[in-house]
Amino acid sequence: MAAAADAPAPEAASTAAPSLVRMTEKALEEMPHWPWHAVVDAVKQCQRRLLPLADSTGAFDAAVAALVSQMAVPPPAGDATPTGSSPESTAFRFSCDTKSSGLSLRGGSCVSRTWWFEDLVALAPATVERVASALVARGTDHGVVARFLFYYLKCRIAGASADDKKAMLEASVAVMASLDRSAVSFKGLFGILRVAAPLRLADACQDRLVAMIGRKLDHATLDNLLVPAPPGTASLYDVSLVLRFLAAFLRGGASDEPAKLKKVGGLTDLYLAEVAPDPSLRPAKFLDLATALPAPARDCHDALYRAIDVYFQVHGRLTDEEKMNICRGLSYEKLSPECCKHMLRNGEFPTTAAVQALASQHTVLKSVVLREPGQLKSVSPSPTASTGKRRDGYDDDNGGGENDGQVILYARRLDLSVENQNLRSLLDGMHWRVVELEKVCSRMKTRMSKMKQARRGGGGRTARSLPRMCS
């Protein structure tokens, strides 16, 4: 009993002994003052062994916060800058060839802000996403965050398994999508796209990547857009992906920036010329590509006309209805006179389209004359204007000068009645040609029915084959 009386009460023992919870809290509070490598080791321990417990207790968040707080200060004495860094290059480059992709930094100030890159390369993708997001939330320069993510991918992608590559890319893209548009390298985004092509990233990640590329599509080149079609498809190029790029470009407010819009319009025409010879490209997909951009994206439709011409030549089985549907993408008012003349001689285009182009050109000419009455516009043709021919069969009447190939208008002397009469004569000629063809077709159909009747009653006689147009 005496011994029991002399024993300290439980409450007194608990107050005398240090509390484990309090010791843990104190350690977490002091963590920002730990040495750098001790904080890095703590983060690695949390992600490897203690992740569920570290998350529930807040230890992981505390370790990440301590890590981020030390990144903003100069490197500790004796710590080296990241391997591969040099003061001779400002940009980080990440391409599909991760073994040869270059990495470099320029300027001492940039190196002083990125000294921690090498120490964090070994972190797991989920931890890297967590650290990068914490940096963004802390207000770190978005360019530094983007360079770290590209550096991380460059160092880790090569030799990684497919699952690890997928996790790295998805974590990096998730953070990049929250950064300023100007902070993320366009070449780096296309490098990610090429690495990700066979991996089948999550739909949300793929959408983020497409949106980031689309918003900067005015920086692209034709080689960037020539992405091979996914395996198992007959097409040569992934036209659906380019359509998604264009949609993202327009959603990003490009319609309010005429210079960027026209640059992408020219790039789209180059892409159309490349994909037009693909025999597996369906008419609906080609039309979607030709009409994806608004009218202000193109001041001239000559390049679009030539792409359509190639498409018609390769896809010889298109009906006139399908061709006229594709021609809806053309603005005849924006065709040059030489392209209109070429269309009139071009048997690949429906007659209706040629007539509409000719009528549109006459309307433009008439509106110009009526808008500027009494003004004299005289253009001296260049020496090569009358003889120059392009290799692709189009007249090169406007061979380089601003006014080359324009119609010489003497507004005071121009007789519009003569112009109207010439146009009417040409249209009447086309009309009578169509009427004559219809008569020939009707006669041949009548003859065909008679021959079929004769064949039924005459036994062994066989009818002669008819032209395909009347079958």
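Just so you know, these numbers come straight off a predicted model, no measurement behind them.
A salt bridge is defined here as a Lys NZ or Arg NE, NH1 or NH2 lying under 4.0 Å from an Asp or Glu carboxylate O, and Asp299 with Lys334 fails to meet this definition. Under 4.0 Å is where a charged nitrogen must lie from a carboxylate oxygen, and between Asp269 and Arg306 no such pair does.
For the pair Lys323 and Phe312, the cation sits on the ring face: its NZ or CZ lies under 6.0 Å from the ring centre, inside 45° of the axis. For the pair Arg130 and Phe60, the cation-pi criterion (under 6.0 Å, within 45° of the ring axis) is fulfilled.
Thr319 and Glu321 form no side-chain donor-acceptor contact under 3.5 Å, judged by distance and modelled atom types alone. Side-chain N/O atoms of Gln313 and Asp309 include a donor and acceptor closer than 3.5 Å.
Ring orientation note: the planes of Phe190 and Phe186 are nearly perpendicular, at an angle over 60° on the 30°/60° scale.
For Ser172 (side chain) and Leu169 (main-chain N/O), no donor-acceptor pair under 3.5 Å exists by modelled atom type. In terms of modelled atom types and a separation under 3.5 Å, the side chain of Thr114 and the main chain of Phe117 share no donor-acceptor contact.
Of the options Tyr305, Tyr311, Tyr332, a ring pair (Phe, Tyr, Trp, His ring centres under 6.0 Å) to Phe349 is made by Tyr305 and by none of the others.
Between Met71 and Trp36, the closest side-chain pair of non-hydrogen atoms falls below 4.5 Å. Taking 4.5 Å as the limit, every side-chain heavy atom of Tyr237 sits out of range of all side-chain heavy atoms of Leu225. Contact of the Leu67 side chain with the Leu120 side chain is registered, since non-hydrogen atoms from C-beta on lie closer than 4.5 Å.
Going from atom NZ of Lys262 over to atom SG of Cys300 covers 12.0 Å, rounded to the nearest 0.5 Å.
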